[in-house]
Amino acid sequence: MKDYLDELEAEAIYILREVAGQFDRPALLFSGGKDSICLVHLALKAFRPGKFPFPLVHVDTGHNFREALDFRDALAAELEEQLIVRKVEDTIAKKKLQDAKGKFPSRNALQTFTLLDVIEEFEFDACIGGARRDEEKARAKERVFSVRDEFGQWNPKLQRPELWSIYNGKIDKGENVRVFPISNWTELDVWNYIKRENIRLPEIYFTHERECVLTEQGQLMANNEFLNLDENDRIVIKNVRYRTVGDMTCTAAIESEAYSVDDIISELKEAKISERGATRMDDRISEAAMEDRKKGGYF
């Protein structure tokens, strides 16, 4: 008997195959985080025993967690799939951009420049990502096939209907589509799927002891060489885990005793705030922070 995870899985596999059928040069954005790991798992079900009809692509800000990067490299090598990595620091040097400042310097805004450059370099016409509608209100506005103009920009008022799961990938030269196969999944769905499929993840998602900086707002930031701390900052050692894995400079940990997937599922059932709302400092710049970045080309 099918359950709801079967339905979500079937929808995601259908979307991945639609991408392969409708586009000439797609790519799957792969960071080593749980959502993109699930996408790779779904791609295996969609296309094995053949090779993926797209490379794995990561825009590396230089501030990523080492655990996620090591997992990214190991999984791509194990699957023998192409992994393309482009670095934000190279874009900063090439375009003479101003690097991020402040105590917690996030490169998320600069990441857009590198993403648009790699799309142009390889002429990608579709980029598959693991964004979900439950993460943030701007992402809740997004269609599964989300068209970007020739400048990589998104207009939330100009989106295509997707009635009866019919996806229109027709684009003009220079445009591209961002595709979200797990858009209809929730964070809890992802973890239930990880449990059912026995999907391996970086250990950073599970409780471990870590040295953290306690912010004025009570967030726990990983103490690392990219932060600009002063003598008044408080360093603490806590048992923490990460609900989402972004940059070390803008992603907070949560105190937790969740050492297993079952523990995490139980913890999430009691959670009152989304993973990004709880842990991503860059989303707190303004009410429209994410939407503004997406309009400029951010994923």
Side-chain angles (χ1 to χ4, degrees), residues 11-31 36 39-40 42-43 46-47 50-61 76 81-88 90-97 107-133 138-183 290-299:
E11 178 187 53
I13 289 172
Y14 167 69
I15 292 166
L16 288 170
R17 289 173 175 166
E18 282 292 297
V19 171
Q22 292 195 45
F23 297 96
D24 295 324
R25 300 181 66 87
L28 191 154
L29 299 189
F30 178 60
S31 65
S36 61
L39 282 181
V40 169
L42 289 161
F47 303 112
K51 299 285 287 184
F52 291 173
F54 38 67
L56 307 178
V57 175
H58 185 216
V59 174
D60 184 353
T61 64
E81 294 291 347
Q82 181 185 9
L83 173 65
I84 298 169
V85 178
R86 291 295 180 268
K87 297 184 177 182
V88 171
D90 294 336
T91 307
I92 292 172
K94 177 182 175 182
K95 294 182 179 292
K96 296 181 171 55
L97 301 175
R107 283 179 171 171
N108 268 350
L110 300 177
Q111 191 177 12
T112 298
F113 292 95
T114 310
L115 174 61
L116 296 179
D117 281 352
V118 74
I119 289 173
E120 182 179 7
E121 178 184 355
F122 292 94
E123 298 181 343
F124 292 133
D125 51 4
C127 291
I128 305 162
R132 307 185 323 270
R133 290 190 177 116
R139 286 184 166 167
K141 296 179 180 181
E142 198 102 51
R143 296 287 195 266
V144 173
F145 274 29
S146 181
V147 177
R148 299 300 201 270
D149 66 19
E150 64 270 26
F151 303 107
Q153 297 175 329
W154 173 63
N155 186 342
K157 295 181 179 179
L158 295 177
Q159 299 195 77
R160 298 169 177 177
E162 294 178 340
L163 303 175
W164 307 291
S165 298
I166 296 174
Y167 303 108
N168 179 4
K170 186 178 185 302
I171 54 174
D172 294 325
K173 186 174 177 58
E175 296 178 335
N176 65 86
V177 174
R178 311 291 169 85
V179 181
F180 307 108
I182 61 171
S183 186
M290 171 66 81
E291 184 162 329
D292 290 340
R293 291 201 302 274
K294 288 173 75 66
K295 287 178 179 178
Y298 184 75
F299 202 81

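For this chain, numbers begin at 1 and follow the sequence in order.
To the nearest 0.5 Å, the span separating CG on L56 from CD1 on I128 amounts to 9.5 Å. With values rounded to the nearest 0.5 angstrom, Q22 atom CD is found 10.0 Å from I171 atom CD1. Rounded to the nearest 0.5 angstrom, L110 CG and T61 OG1 are separated by 9.5 Å. Here the CZ-CZ distance, from R143 to R133, works out to 7.5 Å after rounding to the nearest 0.5 Å. Separation of atoms OG1 (T91) and CG (L115) is listed at 10.0 Å; rounding is to 0.5 Å.
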Output, in order, the C-alpha distance, side-chain angles, deciding distance and verdict of side chain to side chain contact (heavy atoms under 4.5 Å, CB included) for C127 and V57. CA-CA 9 Å; C127 291; V57 175; over 6 Å; no
When you look at L16 and F47, which way does the side chain to side chain contact (heavy atoms under 4.5 Å, CB included) test go after all the steps? CA-CA 9 Å; L16 288 170; F47 303 112; 4.2 Å; yes
For K95 and D117, run side chain to side chain contact (heavy atoms under 4.5 Å, CB included): C-alpha distance rounded to whole Å, both residues' side-chain angles, the deciding distance at 0.1 Å, then the answer. CA-CA 11 Å; K95 294 182 179 292; D117 281 352; 2.9 Å; yes
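With hydrogens and angles disregarded, no donor-acceptor distance shorter than 3.5 Å links the side chain of D60 to the backbone of K87. D125 places a side-chain N or O within 3.5 Å of a backbone atom of D24 that can act as its donor or acceptor partner. Not one N or O on the side chain of R160 forms a donor-acceptor pair closer than 3.5 Å with the backbone of Y167. Between the side chain of S183 and the main chain of V144, no donor-acceptor pair closer than 3.5 Å is present.
Contact annotation: the side chain of R107 approaches that of I92 to within less than 4.5 Å [non-hydrogen atoms, C-beta and beyond]. Inter-residue side-chain proximity for R178 and N176 is flagged as met; some heavy-atom pair is nearer than 4.5 Å. The closest side-chain heavy-atom distance from L42 to P181 is not below 4.5 Å. Inter-residue side-chain proximity for V19 and F145 is flagged as met; some heavy-atom pair is nearer than 4.5 Å. Side-chain contact between V88 and V59 is present, with at least one heavy-atom pair separated by less than 4.5 Å. Side-chain atoms of V179 and E18, non-hydrogen and from C-beta on, never get closer than 4.5 Å to each other.
Every residue meeting the side chain to side chain donor-acceptor pair (under 3.5 Å) condition with S146, not counting sequence neighbours, appears here in chain and number order: E142, R148, W154. For F124, the ring-ring contact (aromatic ring centres under 6.0 Å, His included) partners two or more places apart in sequence, or in a different chain, are F122. Judged as a ring-ring contact (aromatic ring centres under 6.0 Å, His included), and not counting sequence neighbours, the contacts of F52 are F54.
In terms of heavy atoms, P26 sits closest to P55 at O-CD, 3.4 Å.
Heavy-atom neighbours of E123 CD from other residues, nucleotides or ligands within 6.0 Å: at or below the threshold of 12. The number of heavy-atom neighbours closer than 6.0 Å to CD of E120, taken from other residues, nucleotides and ligands shown, is 12 or below.
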